[in-house]
Amino acid sequence: MFDLSSVDLLDAFTRELELCKVEEGEHVVVLAEPGSRGDYVAAAFGAAKSLGARVISATVPGGSPAPMDSTRTGAGPGLTSVLDDTAAQDLLKSADLVVDLTQEGFIHAPVQQEILSSGTRIIFVCDAPDVLVRNLPQASDKERVLEGSALLERSEIMRVTSDAGTDLTVRLKGSRPEFQVGFADDPGRWDHWPSTMVLCWPEFSDGRLVLAEGDILLPFKEYVRDPVTLDIADGRIEKISGGAEAKLLDTFFEDADDEWGRSLSHMGWGLMKSADWFATALYGKGELMGMDARAFAGNFLWSTGPHPVLGRESYAHVDIAMRGCTVSVDGTDVVVDGRLTER
């Protein structure tokens, strides 16, 4: 909603890079495209330099080969200029940390895994200044997300229910539990500032998801106005019923003409206690990526489309953040009526 001073941004980026364990003598690449915020580039560069790192600021041409802008969902393959340029890839592989300030990054592109496998850490930053500062992570957040990820790893069933009518059973075997914590401190780690969440990539889920008024559809950045019921069988949306938002989702999947568009991908719950559920209403759609909704403490976040565990490539990627759910993992409640059970 408002821009912070250059001093505030420098302080925030310095604290963030400290959490990313930037040390004297490390190589940091600040990756940008022409549409990236210049104040972010300057703050990231200055922060890395103040910590004694060797810094390179690299601006590459923007643009993703697909999907087209009108249907962009954040699930595209990433920057063409990086995907098609081995010199750019080699630069990123040679870095200890990449601060990715591009608008889409290359989260779903295989080349990102190649870069990470070289030991490079990547922190992706794409949200409004005060959203970043308000949701600046703490070192202690990592213990919380690791506990949630470990719970999923040793469990077999996750069940999600709500007073609105949600009742979904998820089989966790082979679901590769993961987390986001808002900083990238381990070699080969990708993360997103801001974000604090636990997630997994299950293959099978069955039951019903009922979106209540006030739940959030992303990337549309719209609040649900009328309840939406989605019938799920074997990890796929079989039927969507309800009002305007139901029609929106059904039409989106139909128009996407993507074989995996209606298949569920990652799901989990948020732990970011500083997140503001109403941020989606308070900012312009182009001002934020929507991480307040995605990582909101006590939410249930689920998505459709791409599924790296099963090798499914899809651009029909929708994230839906729900409040008021109860999430139970092998009988252990981690969220009750939309509130975390942790102390």
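Fair warning: this is a prediction, and the values are worked out from it, not measured in the lab.
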Might you work through the salt bridge (Lys or Arg N to Asp or Glu O under 4.0 Å) test for Asp250 and Arg262, ending with a clear yes or no? CA-CA 9 Å; Asp250 211 21; Arg262 295 176 187 264; 2.9 Å; yes
More than 12 heavy atoms of other groups within 6.0 Å of Asp163 CG: no
Indicate the atoms forming the closest heavy-atom contact of Met197 with Val145, along with that distance. O-CG1, 3.9 Å
Can you tell whether the side chains of Asp186 and Lys142 come within less than 4.0 Å, N to carboxylate O? yes
When you measure from the side chain of Arg312 to the backbone of Ser265, do you find a donor-acceptor pair of N or O atoms at a distance under 3.5 Å? no
By side chain to side chain contact (heavy atoms under 4.5 Å, CB included), Lys49 pairs with (sequence neighbours left out) Phe45, Val55
Identify whether the distance between the nearest side-chain nitrogen and carboxylate oxygen of Asp234 and Arg236 falls below 4.0 Å. no
Checking Val335, Thr326, Leu209 against Phe300 for side chain to side chain contact (heavy atoms under 4.5 Å, CB included), the one that qualifies is Leu209
The residue among Tyr40, Phe183, Phe13 that forms ring-ring contact (aromatic ring centres under 6.0 Å, His included) with Trp193 is Phe13
Salt bridge flag under 4.0 Å for residues Asp319 and Lys221: no
Are Leu9 and Leu97 linked, directly or through other ILVMFWY residues, by side chains that come within less than 4.5 angstrom of each other? yes
Residue pairs passing the ring pair (Phe, Tyr, Trp, His ring centres under 6.0 Å) test with at least one member in residues 118-141, sequence neighbours excluded, are Phe124-His192
Is the shortest side-chain N to carboxylate O distance from Asp141 to Arg144 below 4.0 Å? yes
Can you tell me how far the CG atom of Leu340 sits from the CZ atom of Phe296, to the nearest 0.5 Å? 9.0 Å
For Trp269, enumerate each residue passing the ring pair (Phe, Tyr, Trp, His ring centres under 6.0 Å) test, keeping only those at least two apart in sequence or located in another chain. none
In plain terms, say whether Asp206 and Arg171 are close enough for a salt bridge, that is, a side-chain N and a carboxylate O under 4.0 Å apart. yes
